[in-house]
Amino acid sequence: MKRQQGVTFERLRILQQWLINLPQVNIDRVAVVGFCMGGGFALLYGNEAEVSVVAPFYGDVPADSMDLKNICPVVGGYGERDAIFAPQGHRLKSQLEALSVEHDLVFYPDAGHSYMNQLKGVAKLGRWTPMRAQYNEPAAEDSWRRVFEFFDKYL
């Protein structure tokens with residue numbers, strides 16, 4: 001991911017090209033959304049691809065803001081209880097501000113990692129890790145509302 005190359009980036013490019021070729025798709029209205037590791041991929045892909053909005057949620061953030069120098073507007077969220085990724089979200093906020101990029105990032109004090117995912121089975125054990133992974137309905141609902149409002153504004 002940090003090299004911004006490999007199978008995942010190639011698949012994103014192929015998928016976007018496929019979408020662009022569909023007659024019902026308006027190529028000026030493309031967004032990329034990612035959760036967890038996908039949030040990191042979404043940020044880096046959104047920096048290189050022709051997309052209008054990036055929506056990363058609790059994902060990895062490059063250490064160097066220049067890795068995001070071409071990023072479009074960003075909407076996303078991080079759970080403050082997530083000891084691993086909340087600091088990265090704060091880094092993202094600082095980077096976007098330094099780059100003068102429109103953004104709407106919210107940090108939910110009562111949420112951890114994966115707060116938008118209704119975890120099942122063994123995944124429920126994540127609540128006892130440093131990421132404090134657990135579904136948080138108020139944070140999830142607010143995040144979805146913000147995503148669609150941001151999409152309405154920028155797409």
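Just the heavy atoms: all of them, side chains too, but no hydrogens, waters or symmetry mates, feed the values below.
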Chemist: Do any N or O atoms from the side chain of Gln16 and from the backbone of Glu50 form a donor-acceptor pair under 3.5 angstrom?
Modeler: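 Answer holds: yes.
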Chemist: Glu137: what forms a salt bridge (Lys or Arg N to Asp or Glu O under 4.0 Å) with it, not counting sequence neighbours?
Modeler: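 So Glu137 forms no salt bridge (Lys or Arg N to Asp or Glu O under 4.0 Å) with any residue.
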Chemist: CG/Asp82 to OH/Tyr115 distance, rounded to the nearest 0.5 angstrom?
Modeler: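 Asp82 atom CG to Tyr115 atom OH measures 10.5 Å (nearest 0.5 Å).
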Chemist: Hey, are the side chains of Met131 and Arg81 touching, using non-hydrogen atoms and a 4.5 Å cut-off?
Modeler: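 Sidechains of Arg81 and Met131: no contact.
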Chemist: Should Val51 and Ile20 be counted in the same cluster of Ile, Leu, Val, Met, Phe, Trp and Tyr side chains packed under 4.5 Å apart?
Modeler: no
Chemist: For the residue pair Leu105 and Gly77, what are the closest heavy atoms and their distance?
Modeler: CD2-N, 4.3 Å
Chemist: Could you tell me which non-hydrogen atom of Phe57 sits nearest to which non-hydrogen atom of Gly76, and how far apart they are?
Modeler: CE2-C, 3.6 Å
Chemist: When you group the ILVMFWY residues by side-chain heavy-atom contacts below 4.5 Å and let the links chain together, are Val147 and Tyr135 in the same group?
Modeler: no
Chemist: Quick check: do Val53 and Phe150 have side-chain heavy atoms less than 4.5 Å from each other?
Modeler: yes
Chemist: Is any side-chain heavy atom of Met116 closer than 4.5 Å to one of Glu141?
Modeler: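 Glu141 vs Met116: side chains apart.
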Chemist: Determine whether a donor-acceptor pair (N or O, by modelled atom type, separation under 3.5 Å) exists between the side chain of Asn47 and the backbone of Leu43.
Modeler: no
Chemist: So do Cys72 and Val54 actually touch side chain to side chain, heavy atoms under 4.5 Å?
Modeler: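 Yes, at least one pair of side-chain atoms sits under 4.5 Å.
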Chemist: Less than 4.0 Å between a side-chain N and a carboxylate O, is that true for Asp104 and Arg146?
Modeler: yes
Chemist: So which heavy atom on Pro109 is nearest to which on Glu80, and how close?
Modeler: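 That would be CA-CB, 3.8 Å.
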Chemist: Within the 4.5 Å heavy-atom criterion, are Arg132 and His113 side-chain neighbours or not?
Modeler: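 Sidechains of His113 and Arg132: no contact.
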Chemist: Check whether any side-chain heavy atom of Leu92 lies under 4.5 Å from a side-chain heavy atom of Leu68, and answer yes or no.
Modeler: yes
Chemist: If you compare all heavy atoms of Leu155 against all heavy atoms of Ser52, which two are closest, and at what distance to 0.1 Å?
Modeler: CD2-CB, 3.4 Å
Chemist: Could you give the distance from CG (Leu99) to OG (Ser94), rounded to the nearest 0.5 Å?
Modeler: 10.5 Å
Chemist: Side chains of Gln95 and Ile71, heavy atoms from C-beta outward: is any pair under 4.5 Å?
Modeler: no
Chemist: Roughly how far, to the nearest 0.5 Å, is CD1 of Ile84 from OH of Tyr58?
Modeler: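 That separation rounds to 15.5 Å.
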Chemist: Report the C-alpha separation of Glu102 and Tyr154 in whole Å, then their side-chain angles, then the decisive distance to 0.1 Å, and conclude whether the side chain to side chain contact (heavy atoms under 4.5 Å, CB included) test is met.
Modeler: CA-CA 10 Å; Glu102 286 292 322; Tyr154 289 99; 3.2 Å; yes
Chemist: Decide whether Asp60 and Gln88 meet the rule of one side-chain donor and one side-chain acceptor closer than 3.5 Å.
Modeler: yes
Chemist: Could you check whether any side-chain N or O of Ser114 sits under 3.5 Å from a backbone N or O of Cys36, counting only pairs where one atom can act as donor and the other as acceptor?
Modeler: no
Chemist: Does some side-chain heavy atom of Ser143 sit less than 4.5 Å from a side-chain heavy atom of Val106?
Modeler: no
Chemist: Should Met66 and Val74 be regarded as members of a common hydrophobic cluster, given that ILVMFWY residues are connected when their side-chain heavy atoms come within less than 4.5 Å of each other, either directly or indirectly?
Modeler: yes
Chemist: Carefully, step by step, assess Asp142 and Tyr108 under the rule side chain to side chain donor-acceptor pair (under 3.5 Å).
Modeler: CA-CA 10 Å; Asp142 184 63; Tyr108 297 98; 2.5 Å; yes
Chemist: Under the salt bridge (Lys or Arg N to Asp or Glu O under 4.0 Å) criterion, do Glu149 and Arg145 qualify, and how do the steps go?
Modeler: CA-CA 6 Å; Glu149 286 177 1; Arg145 178 193 56 76; 2.9 Å; yes
Chemist: Between Gly39 and Pro56, which heavy-atom pair has the shortest distance, and what is it?
Modeler: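 In this case the closest contact between Gly39 and Pro56 is O-CB, 3.5 Å.
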Chemist: Could you state the interatomic distance from CG (Leu19) to CD (Gln24), rounded to the nearest 0.5 Å?
Modeler: 9.0 Å
Chemist: Do the ring centers of Phe85 and Tyr78 come within less than 6.0 Å of each other?
Modeler: no
Chemist: More than 12 foreign heavy atoms under 6.0 Å from CD of Glu97: is that the case here?
Modeler: yes
Chemist: Does a sphere of radius 6.0 Å around CZ in Arg91 hold more than 12 heavy atoms from other residues, nucleotides or ligands, not counting ones at 6.0 Å or beyond?
Modeler: yes
Chemist: Taking atom CG of Leu12 and atom CZ of Phe41, what is their separation to the nearest 0.5 Å?
Modeler: 8.0 Å
Chemist: Closest approach of Arg13 and Tyr45, non-hydrogen atoms and distance?
Modeler: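 Heavy-atom minimum between the residues: CA-OH, 3.6 Å.
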Chemist: Drop me the distance from Leu22's CG to Ile27's CD1, to the nearest 0.5 angstrom.
Modeler: 12.0 Å
